[in-house]
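Remarks on the structure that follows.
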Amino acid sequence: MLYRILDYAHHLLEQSIHPGETALDGTAGNGHDTVFLSKLVGDKGNVLSFDIQEQAIESTHDRLVENNIHNVNLIMDNHAHFEKYIDEEAILGGAIFNLGYLPGSDKTIVTESASTLEAVHGILERLKKKGLLILVVYHGHEGGQEEKEALLKSLSKLDQKQYNVLRYGFLNQVNTPPFILAIEKK
Ligand SMILES: C[S@@+](CC[C@H](N)C(=O)[O-])C[C@H]1O[C@@H](n2cnc3c(N)ncnc32)[C@H](O)[C@@H]1O
């Protein structure tokens, strides 16, 4: 059976993030991935979850309360500034970004290549060995194509001695289907 895109992203994270670790959600949105990461790291771990949009922060906050979750630091800031919120020595067990806009919300507030790439390269420095950074790339919206191209260009240049970079997606789906870019630190 082939995993759907979001199921595959979660499957990969499940394999690589362990209880007690610190995980990062670069795009909290409605909080689905934040809740998923919170369960993987458990009570002894913690999750840093970022979004620039108040509506997303509120929606994620409500989901955390509903699920009685207390190990998440929900931060209203650009994910490119993530270093401000972690200890100098901290190592990340894994991270996920769902790119694009918040479903059901303002479609002009979207992730952008410059800040996405700044965050991605910073996180790779902090990622544990064998850790994964997952990007779910939605690119059908305005600006999405540019972000997709910038990511493919930058990530395909990562040194293969240090990183494995996987692309996973369906070739025969209509309407610019999303795909996954998964970066594993060797
Ligand atoms: C596709 S949604 C995320 C969906 C989310 N993972 C979920 O499970 O519901 C993308 C989110 O990224 C946020 N965003 C856009 N640019 C950002 C940035 N530079 N830093 C942090 N969040 C950003 C948007 O506000 C939006 O909520």
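Whatever order the structure lists ligands and atoms in, that order sets their numbers, starting from 1. Along the sequence shown, residues are numbered consecutively beginning with 1. Keep in mind the model is a prediction, meaning the values are calculated, not measured.
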In terms of atom number and element, which parts of ligand 1 are under 4.0 angstrom from non-hydrogen atoms of [X]?
| X | value |
| --- | --- |
| Gln53 | 24 (C), 25 (O), 27 (O) |
| Leu99 | 1 (C) |
| Ala56 | 27 (O) |
| Gly26 | 21 (C), 22 (N) |
| Gly100 | 10 (C) |
| His32 | 7 (C), 8 (O), 9 (O) |

Among all the protein's non-hydrogen atoms, which is closest to [atom], and how far away is it?
| atom | result |
| --- | --- |
| atom 15 (C) of ligand 1 | Thr111 CG2, 3.5 Å |
| atom 2 (S) of ligand 1 | Tyr101 O, 3.5 Å |
| atom 10 (C) of ligand 1 | Asn98 O, 3.4 Å |
| atom 11 (C) of ligand 1 | Asp51 OD2, 3.5 Å |
| atom 18 (C) of ligand 1 | His79 CE1, 3.3 Å |
| atom 23 (C) of ligand 1 | Ile52 CG1, 3.6 Å |
| atom 9 (O) of ligand 1 | Asn30 N, 2.8 Å |
| atom 19 (N) of ligand 1 | Asn78 OD1, 3.0 Å |

Does ligand 1 have any atom that is closer than 4.0 Å to a heavy atom of [X]?
| X | answer |
| --- | --- |
| Ala28 | yes |
| Phe97 | no |
| Ile96 | no |
| Ser59 | no |
| Asp77 | yes |

Please determine whether the number of non-hydrogen atoms from other residues, nucleotides or ligands lying under 6.0 Å from atom CD of Glu112 exceeds 12. no
Would you say that more than 12 heavy atoms from the other residues, nucleotides or ligands in this model lie under 6.0 Å from the CG of Asn164, or not? yes
Report yes if the side chains of [X] and [Y] come closer than 4.5 Å at any heavy-atom pair, otherwise no.
| X | Y | result |
| --- | --- | --- |
| Asn73 | Val47 | no |
| His79 | Thr116 | yes |
| Ile75 | Phe82 | no |
| Tyr85 | Asp77 | yes |
| Asn46 | Val72 | no |
| Gln15 | His11 | yes |

Heavy atom to atom 6 (N) of ligand 1, shortest distance: which of Val35, Asp25, Thr27 holds it? Thr27
Tell me if a side-chain donor or acceptor on Asp87 pairs with a main-chain N or O of Glu89 at a distance below 3.5 Å.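 A pair under 3.5 Å: no.
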Does Asn71 use its side chain to pair, donor to acceptor, with the backbone of Ser38 at less than 3.5 Å? yes
Could you tell me how the ring of Tyr168 sits relative to the ring of Phe170: parallel (under 30°), tilted (30 to 60°) or perpendicular (over 60°)?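 Taking Phe170 first and then Tyr168, their aromatic rings stand perpendicular (interplane angle over 60°).
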With a 6.0 Å cut-off on the ring centroids, do Phe179 and His139 count as close?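 Phe179 vs His139: aromatic centres under 6.0 Å.
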What residues, two or more places apart in sequence or in another chain, satisfy side chain to side chain contact (heavy atoms under 4.5 Å, CB included) together with Tyr101?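 Here the qualifying residues are Lys107, Val110, His141.
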Tell me the contacting part of Thr34 for ligand 1: side chain, backbone, both, or neither, using a 4.0 Å heavy-atom threshold, strictly below. neither
